[in-house]
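Below is one structure, written out as structure tokens; the observations come after it.
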Amino acid sequence: MMWPTRSHEPATEDYGLLVAAATVATETTARTVRDLLRDNGIRATIGPARPTRHRVLVFPEDAARAFEILCDNTR
């Protein structure tokens, strides 16, 4: 059976088990945010976002703590 509304291509914003902790404009900023989270014991990586943004991704169980860390370190 074919589903006409479903694509066999993965969605560009499907990150599997990971959730976005931050969306930033540059890769340099994404690396800075990722490193900040890693320095605080959060497993983090970088993924693309549309159209030219970058997402810092974390596991769902780390999302609330990542948010707190980012808020504490944002001017």
Side-chain angles (χ1 to χ4, degrees):
M1 174 179 246
M2 297 287 292
W3 298 100
T5 58
R6 284 198 66 142
S7 170
H8 294 287
E9 301 274 328
T12 34
E13 302 213 12
D14 180 7
Y15 301 111
L17 296 175
L18 301 176
V19 297
T23 302
V24 297
T26 69
E27 188 173 348
T28 301
T29 304
R31 284 194 303 262
T32 301
V33 171
R34 180 200 60 199
D35 293 345
L36 172 67
L37 293 175
R38 286 181 175 178
D39 289 346
N40 283 276
I42 305 251
R43 298 168 293 174
T45 191
I46 300 170
R50 285 188 238 169
T52 58
R53 299 218 175 258
H54 304 273
R55 290 229 165 108
V56 180
L57 307 167
V58 300
F59 284 97
E61 61 268 20
D62 295 329
R65 191 158 160 258
F67 179 76
E68 290 173 4
I69 291 166
L70 294 174
C71 286
D72 288 346
N73 289 276
T74 303
R75 290 185 223 157

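None of the values given here were measured: they were computed from a predicted structure. Positions are given from 1 along the sequence. Heavy-atom basis, side chains included; hydrogens, waters and symmetry copies ignored.
The two residues R55 and P48 have their closest heavy-atom pair at CG-O, 4.4 Å. Smallest separation of non-hydrogen atoms from A30 and H54: CB-CB, 3.8 Å. Between A21 and L70 the shortest heavy-atom distance is O-CD1, 3.6 Å. Scanning all heavy atoms of the two residues, the minimum distance from A66 to I42 falls at N-CD1, 3.7 Å.
Not counting sequence neighbours, the partners of T29 by the side chain to side chain donor-acceptor pair (under 3.5 Å) test are T26. E27 pairs by the side chain to side chain donor-acceptor pair (under 3.5 Å) definition with R31, not counting sequence neighbours. The side chain to side chain donor-acceptor pair (under 3.5 Å) check on T45 picks up nothing, with sequence neighbours excluded.
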Could you go step by step and tell me if V58 and V19 meet the side-chain contact (heavy atoms from CB on, under 4.5 Å) rule? CA-CA 6 Å; V58 300; V19 297; 4.0 Å; yes
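No single ILVMFWY cluster, assembled from side-chain heavy atoms under 4.5 Å apart, contains both L18 and I46.
When each of N40, V33, D39 is checked for a side-chain contact (heavy atoms from CB on, under 4.5 Å) with I69, only N40 meets the rule.
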